[in-house]
Each structure stands twice: as C-alpha cells, then as structure tokens.
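Just below is one structure, and these are the notes that go with it.
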Amino acid sequence: GARPCSPKYFGRDAMVCVCNATYCDTLDPLLLPAPGAYVKYESSKAGKRLERSEGSFQRRLHAPDLVLTVDTTQRYQKVKGFGGSVTDAAALNIFSLPERAQDHLLRSYFSEEGLEYNLIRLPMASCDFSLHAYTYDDVPFDYD
C-alpha cells in the first residue's frame, strides 16, 4: 500500500489498521498488468499490509506443491463489481465517528486510493447485525 498500516492489536495476534480523523491507510491506484502478467497483494499476521508484487505466468512450469492452470479463453461469469454490506449497526458506527474519520473511512472503501467499491448491499429491515429486530411492514399478509 501507499501508506503503512497504523496497527491496533486485540490479543492472539488479532490486528486491525486504525482509521481515524488524522490517518487512514490507503493504496496506490491500481494499474492493470500487461497480458500474461499478474499483480498480487498480500497481507499477513507477520506485518505485511497489502504488499504489492508482480509476476508473469509461465507455460508448463512444474512446481512440486502447486499447480495452477489459467485458461484465459474460458469465461464463466461477468463481474458487476465489488462491495460490502452496510447494516444499520454499521451505519451507526460510521456516524459515531468524527466527520473527518467518516470521510477517511468512506474514501478507504470507495476511492481510487482505497478498495474502489462500486456496490453496496442494504438489508431490508433488520438483520442479524441490527441493534434490535424490526420490519417495515408488520401487517400480516400485506403484500402490497
């Protein structure tokens, strides 16, 4: 990544990168590699944080522990985009942050320096991450 992680540890090697009003880690804008090449981003408990590396595919390479075959002529599905879910609990947490921290957090999801999300899933009424159970229509058999 372009900016290093500001780690916060939660025991048992659990770590998150802090995003607050003054700091949020970001990425360099993604540049697609040339045909036949790949870009890999790696994170680890040992301290790697979206560490970027490049490589190229090789034909008929024999590795004893790994065989990966990529058939670029086969297309199985179209990808509309990438994103996540925003529940009411997530929204409450986001709105509890100072305005500048909210801006850093949302940029880390949606901007070129972040994950470049372009899809968000919103649950209809409450879900398992809601603060309490609720619906938008409590009238039985009301389908209109």
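What you see is a predicted model; the values in this text were computed from it and never measured. For the single chain, residues carry numbers from 1 onward in sequence order.
- Taking a 6.0 Å sphere around CZ of Phe10, one finds it holds more than 12 heavy atoms contributed by other residues, nucleotides or ligands.
- For Asp103 (side chain) and Glu99 (main-chain N/O), no donor-acceptor pair under 3.5 Å exists by modelled atom type.
- Between Tyr109 and Tyr117, a ring centre-to-centre spacing shorter than 6.0 Å is recorded.
- Taking CG of Asp88 as the reference point, atom OH of Tyr134 lies at 3.5 Å (rounded to 0.5 Å).
- Without hydrogens or angle criteria, Gln102 side chain to Leu97 main chain gives a donor-acceptor distance under 3.5 Å.
- Within the 4.5 Å cutoff, no side-chain heavy atoms of Ser96 are placed close to those of Ile94.
- Remark: Asp137 engages Val139, Asp142 in a side chain to side chain contact (heavy atoms under 4.5 Å, CB included) (not counting sequence neighbours).
- To the nearest 0.5 Å, the span separating SG on Cys19 from CZ on Arg107 amounts to 11.5 Å.
- Shown here for His104 and Asn20, the closest heavy-atom pair between the two residues is CD2-O, 3.2 Å.
- Heavy-atom minimum distance, Ser56 versus Tyr38: N-CE2, 3.6 Å.
- No more than 12 heavy atoms of other residues, nucleotides or ligands sit less than 6.0 Å from atom CZ of Phe129.
- Put simply, the side chain of Val39 reaches to within 4.5 Å of the side chain of Arg52, judged on heavy atoms.
- Of the possible donor and acceptor atoms, none in the side chain of Ser130 sits under 3.5 Å from a partner among the backbone N and O of Ser126.
- Contact of the Ile120 side chain with the Phe110 side chain is registered, since non-hydrogen atoms from C-beta on lie closer than 4.5 Å.
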